[in-house]
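Written out below as structure tokens is the structure these notes cover.
Letters A, B, ... are given to chains in the order of the sequence lines, protein chains preceding strands, and every chain is numbered from 1. Note that this is a predicted model, so its numbers are computed, not measured.
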2 protein chains.
Amino acid sequence: MTRERSPLTPESSVPTLADVARRANVSTATVSRCLNSPDQVIERTRNRVMDAVNELGYAPNFSARALAARHTNTIGAVIPTMDNAIFARGIQAFQEELGRHGFTLLVASSSYKEALEEEQIRTLAARGADGLLLIGYHRNPALHEFLRARSVPALVAWAYEVDSDIPAIGFSNRNAMADLARLVFEKGHRDIGMISADTKGNDRARDRLAGVRLAAREAAIDVDRMPVIETTYSIESGMQAFRQIMGWTPRPTAVFCGNDVLAIGALKAAKEMGLSVPEDVSITGFDDIEIASLAEPALTTVHVPHREMGRRAAGMLIDMVTKRTVPESVELQTDIRLRRSLGPPKT
Amino acid sequence: MTRERSPLTPESSVPTLADVARRANVSTATVSRCLNSPDQVIERTRNRVMDAVNELGYAPNFSARALAARHTNTIGAVIPTMDNAIFARGIQAFQEELGRHGFTLLVASSSYKEALEEEQIRTLAARGADGLLLIGYHRNPALHEFLRARSVPALVAWAYEVDSDIPAIGFSNRNAMADLARLVFEKGHRDIGMISADTKGNDRARDRLAGVRLAAREAAIDVDRMPVIETTYSIESGMQAFRQIMGWTPRPTAVFCGNDVLAIGALKAAKEMGLSVPEDVSITGFDDIEIASLAEPALTTVHVPHREMGRRAAGMLIDMVTKRTVPESVELQTDIRLRRSLGPPKT
DNA sequence: TTGTATGCGTTATCAA
DNA sequence: TTGATAACGCATACAA
């Protein structure tokens, strides 16, 4: 049930620049200057204005300001989901750094849907974002055209390709996964499987799979027979996929997971199936989220510096919007965290 | 290193309503209507306008629209941090529901800093948020005054107090924790300790502590001698606090943690100290994040329906801004998940 | 150092 | 059903 808004609360109208100006006996221009470039106005009048501002509880109207100034000091970010520690963590660092430089962050999440991402990008541009942080390269090229036409710079994060002409900060998902896979093959595994996120529309997932295949070819393993199950990122789906993949013939002795969440699911399923890890089967993840080192057994995975990526992305983007330059892409280093979940296969 | 923006990319100016109007041979008013209330314009002209829109790649300028329309279809949320699964999850659900109703979400995080939260609230209001989602009750009352003056409705989440006059959706942190504590005392524990988040400026933390004290008094346990360590929400600080609290005399046989993250830290520290849980010491958490059931031993904790809270909060807030009503607060039910980490004390 | 005047891109009121 | 036109609240070029 709801009750009517009390009529005792009149919509006392919100003070505007003009109100402040009137009260301080100056022009609106002067008030504006006090707020935006205080050093351009003499102290005496500035104090008078500031007093008026406080007495009235004035706060500038953002829309009006954006409309007039043609910039917003706002950076937009479109991420697949907030409900994943890696993005949450990276974006938190991203925002902290932006805040330090007087920028505000607008986040939108696309739920891993390409169409939604496109819409969010257009929305953020329309809202006057001065710059955009995007995850991965995969999207309609027309979008980058769109952004270029409106001259809103965009930075790609969580991915890195040497030969791309759009600036990025990230790492090579392919190489990182290949490194991990090489280690697995060195342990002696020949029968492997992979649980991946949907590879259509997710270039990071695709690259990680490619990394496994690359290393497999190097180890002269028949890649075509490798079972690959694509599913969504959740513990539950990781469990299902693992049960399914362990039914394959020959049964894998090592299972690569596209990220730690899936790997945790796999670990859990293994436990339920009475399989011990790594004795019966090795399991690896990707991301090194907190839970990876706490799992039982602890998870072998690829460590990604999410917070550093977020922080540095902010710096790059701020440069892009303030200096109107386009930075060199930066490749971050990942490294492998070898933990108990990976061991040699049973002989 | 950076290189200059290519001069080959002229700042092709962004199309406006007027451009569309000109191309479609109608007035700007008609174009505006086509976009906002299409049924008010006859099909023939509407098609003409829409064609022009597409050909030009027109996208409305949000700031201008907000300035003229005096609302934004935007809801703001200020949360303590994104880097905590419970908020990330709740906010994700919140956003999904908002999206379903054509609203956009603006998130800001305050890093658990009261001053920053205040600033963020003012910022979101200035940006024209039609409504605000806030976490917990604790804040400068002037802020609610400020919001009322600008008539932007606010909803409190993750907390619930019967006698408050500001609408909320959440649960009683105090009662939930008291329920858990009663269970612990029923098991026979008399020597207890608590690891809490900072209780100043965080009413949820304060209420959880109060819950433990309440149940302790009921069980005739001397509350004043109970060791309470306040720290930040992280696994690392949970570990430190646990080591410290286990040095207390008498040594606790059960340790309450203010949330699951701290509890995971405590679990980890216990393992390092060679203490087995729950034989040597019982540990409890709060929130029931995913990791709680996966920990070894699995964590006894209070389950909170974060996603449901987020989803319903969105519905309430949309009602508040569209119908201008203030809803009854809703109290969500929490329940205890009894898992291995809690057992009877050694006798 | 300050003020005047204009424009930013929409929406909405009122007439036609 | 459509068109003129006046707000909306602020920033800024230019003048004083």
Pairs: protein N or O with nucleotides 2-4 of chain C N or O, under 3.5 Å:
unit_1, atom_1, unit_2, atom_2, d
C:dT2, OP1, A:Thr45, OG1, 2.8
C:dT2, OP2, A:Ile42, N, 3.0
C:dT2, OP2, A:Thr45, OG1, 3.2
C:dG3, OP2, A:Ser27, N, 3.0
C:dG3, OP2, A:Ser27, OG, 3.3
C:dG3, OP2, A:Thr30, OG1, 2.6
C:dG3, N7, A:Arg33, NH2, 2.8
C:dG3, O6, A:Arg33, NH1, 3.2

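When the side-chain contact (heavy atoms from CB on, under 4.5 Å) test is applied to A:Ala18, the partners found at least two apart in sequence or on another chain are A:Thr16, A:Arg22, A:Thr28. Here B:Tyr112 pairs with B:Pro80, B:Thr81, B:Asn84, B:Phe87, B:Asn202, B:Arg204, B:Tyr233 under the side-chain contact (heavy atoms from CB on, under 4.5 Å) rule; sequence neighbours left out. In this structure A:Asp51 satisfies the salt bridge (charged side-chain N to carboxylate O under 4.0 Å, His left out) test with no other residue, sequence neighbours excluded. For the side chain to side chain donor-acceptor pair (under 3.5 Å) test, no residue two or more places apart in sequence or in another chain qualifies with B:Asp203. Under the side chain to side chain donor-acceptor pair (under 3.5 Å) criterion, A:Glu119 pairs with no residue at all, not counting sequence neighbours. The side chain to side chain donor-acceptor pair (under 3.5 Å) test applied to A:Arg139 returns A:Glu117, not counting sequence neighbours. Residues that satisfy the side-chain contact (heavy atoms from CB on, under 4.5 Å) test with B:Asn73, not counting sequence neighbours, are B:His71, B:Phe103, B:Asp130. Every residue two or more places apart in sequence or in another chain that forms a side-chain contact (heavy atoms from CB on, under 4.5 Å) with A:Arg23 is listed here: A:Ala52, A:Glu55, A:Leu56.
In this entry the distance linking CG of A:Leu67 with C1' of C:dG9 reads 6 Å, nearest Å. The nearest whole Å value for the distance from the CG atom in B:Leu17 to the C1' atom in C:dA12 is 13 Å.
Taking only side-chain nitrogens and oxygens, B:Arg70 never comes nearer than 4.0 Å to OP1 or OP2 of C:dT10.
Across its full length, the helix from C:dT1-D:dA16 to C:dA16-D:dT1 shows an angle of 30° between the axes of its 5 terminal pairs at either end, rounded to 10 degrees.
For DNA chain D, the contact window with chain B, defined by any atom under 4.0 Å from a protein heavy atom, covers D:dT1 to D:dG9 in 5' to 3' order.
Between B:Met316 and B:Val330 there is a side-chain heavy-atom pair separated by less than 4.5 Å.
Counting only distance, with no hydrogens or angles, the side chain of B:Thr72 and the backbone of B:Gly128 share a donor-acceptor pair below 3.5 Å.
To the nearest 0.5 Å, atom OH of residue A:Tyr160 and atom OH of residue A:Tyr137 are 7.5 Å apart.
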>> One pair to check against side chain to side chain contact (heavy atoms under 4.5 Å, CB included): B:Thr104 and A:Arg127. What are the steps and the verdict?
In response: CA-CA 11 Å; B:Thr104 316; A:Arg127 296 184 82 99; 3.8 Å; yes

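Across all their heavy atoms, B:Leu67 and A:Ser63 have their closest contact at N-CB, 4.1 Å.
In the region residues 52-62 of chain A, proximity to DNA chain C at under 4.0 angstrom, judged on heavy atoms, holds for none of the residues.
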